[in-house]
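Before any comments, here is the structure.
For clarity, every value in this text was computed on a predicted model and none was experimentally measured.
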Amino acid sequence: MNPTMSSSLCTFAALAGSAGRPGRRAGQKGGNKRAVAQPLAAGAVTEAPAAVVVAPPARPVVTAPRRREGRTGGSGTDQLVAWKSIRQERWEGALQVEGELPLWLDGTYLRNGPGLWDLGDYGFRHLFDGYATLVRVSFRDGHAVGAHRQIESEAYKAAREHGKVCYREFSEVPKPEGFMSLVGQIAKLFSGSSLTDNSNTGVVRLGDGRVLCLTETVKGSIVVNPDTLDTVSKFEYEDKLGGLIHSAHPIVNDNEFWTLIPDLIRPGYVVAKMEAGSNERKFVGRVDCRGGPAPGWVHSFPVTDNYVVVPEMPLRYCAANLLRAEPTPLYKFQWHPESGSYMHVMCKASGKVVASVEVPPFVTFHYINAYEEKDEEGRVTAIIADCCEHNADTSILDNLRLHNLRSFTGEDVLTDARVGRFRIPLDGSPIGELEAALDPEEHGRGMDMCSINPAYVGKEYRYAYACGAQRPCNFPNTLTKIDLVEKTAKNWYEEGAVPSEPYFVPRPGAVDEDDGVAISMVSAKDGSGYALVLDAKTFQEVARAKFPYGLPYGLHCCWVPRDK
């Protein structure tokens, strides 16, 4: 049997809805116990100098129609630009810079994420459904040029042409127009052709320089040009591993690309590696699930220098509700706390599982990093793996409906989160540990969308950069620098702003781990948008590069250094 999902039945499991009930809501009312940095004054919207609108070739401009959901009669905060569709398909122009950009900052920052949630009179329901919008800020000689463009996936082009959903998105399915249409949809489901290729999640620079946009479907791997933002081609995997879904966050460096491929027929995970310059994934090993009817969701995973950590979360893929017209609160997953929660460790060199331990229940989208704990003689005794952990509360998924994000009324409803630290012993012990790496009040009990110095991936590290919270809120609204040695946090906050993932860019030649900048795209309360540049050591603002229009919220980022 193919080591991954060789049967077309895997399609049925891969995008299934969940019959499970949502978990408890853990958000508590009240402010932080510790002080958060003084808010910055929101910048006024101004015209960017030398702004140039680039007209798309022979295609209409996509504008955001009136929303059909998310209207409230209360505070009016549903008008936040973070949750509005982008109003043009593409734009490019010089950005107005406030402050001074470091002269060494020479390259391109890219951010991917859902930016278009409206089609004609229809509005998507969930944050993760939106069609991918790629944002670029190019830095050079203290200046910045910005741009955005829709990624030309087949799902986006079909929706633009027909004015409706044509592929299966995170929470949306095409609406059948009759019995024969329903039969056709079922046939496409089992062939895999109805799965979306809307690559609205991650963006990575491969070791050979190609830039790849990703989502959880394998077919949603798309090559883009980082300079023009043009969609270049599909990224075709030239191997026989198969699989229709994979981790949305591979581990990528100059030499390798590591990924996990869930097997929904024989519950487990295939660990695969791809060399730089290649499109061929190579089978490294397999981990069999220890509990539950299906693999746990693996949106991301961590690695160390010598090991791959394979998480088995009790939030598991589920086939039960795939054909339902309306999503359940857990979408294509189901919560199985009775099935147990596990962390597996595989040796990169041999492909053998060297540890498999049970841990307390957990819910996470994003792992921060992992490293090898050693004794005084240099022997590896355990693996430490850190993640943004939501206190085993599955309600985080349903809280990300656009209606909830657009209708904040002042109640503190953001699900609590922490830096969850796993300790996985390598001495054969059956039990691992999970605890908070620092007091969650340091970052407002909000924690997601993280980055670290890329030189420390898989190694012992001290600093992480993420989105935290100043409560009350319904979504992470601060940027936070976590010090895992001192167990403290520095926080940036601007009233009403929605910042996206802070991405760390090291200063060339730096020695200190935090010598560099953290860059975040911010959707401001006044409707503007800007790239915020923070000194990573002090976590103080050094500059902001302002777009002449508002930007919707986005997800993940990468840095493309300029060719010398």
* To do: Rounded to the nearest 0.5 Å, what's the gap from CG on Leu127 to CZ on Phe170? Could you check?
  => 9.5 Å
* **Backbone N/O of Val542 and side chain of Glu100: donor-acceptor pair under 3.5 Å** => no
* Who pairs with Tyr553 by ring-ring contact (aromatic ring centres under 6.0 Å, His included), at least two apart in sequence or on another chain? -> Trp83, Phe475
* **Audit row: Ser500, Arg111, side-chain hydrogen bond (donor to acceptor under 3.5 Å, both in side chains) steps and yes/no** => CA-CA 9 Å; Ser500 60; Arg111 190 197 71 177; 3.3 Å; yes
* Leu534 vs Leu479, side chain to side chain contact (heavy atoms under 4.5 Å, CB included): CA-CA, chis, key distance, verdict -> CA-CA 10 Å; Leu534 301 175; Leu479 299 173; 3.9 Å; yes
* Asked: Do Thr478 and Gln470 meet the criterion of a side-chain donor-acceptor pair at a distance under 3.5 Å?
  -> no
* Asked: Is there a donor-acceptor contact under 3.5 Å linking the side chains of Tyr156 and Glu89?
  -> yes
* Once the angle between the rings of His366 and His249 is folded into 0 to 90°, is it parallel (under 30°), tilted (30 to 60°) or perpendicular (over 60°)? -> perpendicular
* Are any of the side-chain heavy atoms of Val137 and Leu95 separated by less than 4.5 Å? -> yes
* Asked: Please walk me through it: do Tyr456 and Tyr461 pass ring pair (Phe, Tyr, Trp, His ring centres under 6.0 Å)?
  -> CA-CA 6 Å; Tyr456 288 78; Tyr461 71 117; 7.9 Å; no
* To do: Taking Asn112 for its side chain and Gly202 for its backbone only, find out whether a donor-acceptor pair lies under 3.5 Å.
  => yes
* Rounded to the nearest 0.5 Å, what separation is found between the CD1 atom of Ile452 and the CD atom of Glu513? -> 7.5 Å
* To do: Dump the intermediate steps for salt bridge (charged side-chain N to carboxylate O under 4.0 Å, His left out) on Glu280 and Lys282, then the final yes or no.
  => CA-CA 6 Å; Glu280 181 183 2; Lys282 295 181 179 180; 5.3 Å; no
* Donor + acceptor pair across side chains of Asn225, Arg210 (<3.5 Å) -> no
* Closest approach of Thr201 and His299, non-hydrogen atoms and distance? -> CG2-CE1, 3.8 Å
* To do: Looking only at non-hydrogen atoms, find the nearest pair between Leu134 and Val203 and report the distance.
  => CD1-CG2, 4.5 Å
* **Main-chain N/O of Ser278 paired with Asp208 side-chain donor or acceptor, under 3.5 Å** => no
* I would like to know whether Val223 and Glu236 meet side chain to side chain contact (heavy atoms under 4.5 Å, CB included); could you show each step before the answer? => CA-CA 10 Å; Val223 181; Glu236 302 289 349; over 6 Å; no
* **Side chain Asp526, main chain Ser528, donor-acceptor under 3.5 Å** => yes
* Asked: With distance as the sole test, does His126 use its side chain to make a donor-acceptor pair with the main-chain N or O of Asp129 at under 3.5 Å?
  -> no
* Looking only at heavy atoms, which two atoms of Ala497 and Val522 are closest? And how far apart? -> CB-CG1, 3.7 Å
* Structure fact -> Heavy-atom nearest pair, Gly496 first then Leu80, reads O-CD2, 3.7 Å
* **For the student: nearest non-hydrogen atoms of Ile222 and Ser153, plus distance** => CD1-CB, 3.9 Å
* Heavy-atom side-chain proximity of Asn399 to Thr415 below 4.5 angstrom -> yes
* Electrostatic pair Asp106-Arg562, nearest N-O below 4.0 angstrom -> yes
* Taking side chain as C-beta onward, heavy atoms only, is Val298 less than 4.5 Å from His246? -> no
* Asked: For Ser199 and Thr215, what are the C-alpha separation, side-chain angles and deciding distance, and is it a side-chain hydrogen bond (donor to acceptor under 3.5 Å, both in side chains)?
  -> CA-CA 5 Å; Ser199 55; Thr215 188; over 6 Å; no
* To do: May I have all residue pairs that pass salt bridge (charged side-chain N to carboxylate O under 4.0 Å, His left out) and include part of residues 527-537, sequence neighbours excluded?
  => Asp512-Lys537, Asp514-Lys537
* Asked: For the side chain to side chain contact (heavy atoms under 4.5 Å, CB included) test, which of Thr259, Asn255, Asn253 pairs with Phe257?
  -> Thr259
* **Pairing of Arg160 and Glu152 as salt bridge, 4.0 angstrom limit** => yes
* Asked: Is it true that a side-chain atom of Asn198 and a backbone atom of Ala132 form a donor plus acceptor pair closer than 3.5 Å?
  -> yes
* Thr228 versus Asp230, side-chain donor and acceptor atoms under 3.5 Å -> yes
* Asked: Given side chains that start at C-beta, do those of Met449 and Leu555 come closer than 4.5 Å, heavy atoms only?
  -> yes
* **Arg418/Glu442 ion pair, N-O < 4.0 Å** => no
* Test side-chain contact (heavy atoms from CB on, under 4.5 Å) applied to Ala159 - qualifying residues, sequence neighbours left out -> Leu119, Tyr131
* Are Tyr109 and Tyr503 close enough that their ring centres sit under 6.0 Å apart? -> no
* Asked: Does the pair Glu216 and Trp297 meet the rule for a side-chain hydrogen bond (donor to acceptor under 3.5 Å, both in side chains), with working shown?
  -> CA-CA 10 Å; Glu216 294 198 354; Trp297 185 23; 2.8 Å; yes
* Shortest non-hydrogen separation from His443 to Val419 and the atoms involved -> NE2-N, 4.2 Å
* Asked: For Trp91 and Tyr549, what are the C-alpha separation, side-chain angles and deciding distance, and is it a ring pair (Phe, Tyr, Trp, His ring centres under 6.0 Å)?
  -> CA-CA 10 Å; Trp91 180 89; Tyr549 56 93; 5.2 Å; yes
* Is a side-chain donor-acceptor pair under 3.5 Å present for Arg87 with Ser85? -> no
* Audit row: Phe547, Tyr530, ring pair (Phe, Tyr, Trp, His ring centres under 6.0 Å) steps and yes/no -> CA-CA 5 Å; Phe547 280 71; Tyr530 57 90; 9.6 Å; no
* To do: State, yes or no, whether a side-chain contact exists between Ser221 and Lys234 at a heavy-atom distance under 4.5 Å.
  => no
* Non-hydrogen side-chain atoms of Val252 and Leu206 separated by less than 4.5 Å -> yes
* Do Leu110 and Val135 have side chains that get closer than 4.5 Å, going by heavy atoms? -> no
* **Test item: Ser407 side-chain N/O and His403 main-chain N/O as donor-acceptor pair under 3.5 Å** => yes
* Asked: Any side-chain heavy atom of Phe365 within less than 4.5 Å of one from Tyr367?
  -> no
* Using the side-chain hydrogen bond (donor to acceptor under 3.5 Å, both in side chains) rule, take Trp258 and Glu256 through it: C-alpha gap first, then chi angles, then the decisive distance, then the call. => CA-CA 6 Å; Trp258 290 86; Glu256 298 171 332; 2.9 Å; yes
* Asked: Does the Ser523 side chain pair with the main chain of Leu551, one donor and one acceptor, at a distance under 3.5 Å?
  -> yes
* Asked: Do we see a donor-acceptor contact under 3.5 Å between the side chains of Glu389 and Thr364?
  -> no
* Asked: If you draw the axis of the six-membered ring of Tyr463, does the NZ or CZ of Lys481 fall within 45° of it and under 6.0 Å from the ring centre?
  -> yes
* Output yes when a side-chain donor or acceptor of Arg471 lies under 3.5 Å from a complementary backbone atom of Val413, and no otherwise. => no
* Under 3.5 Å: donor-acceptor pair, side chain of Asp197, backbone of Glu154 -> yes
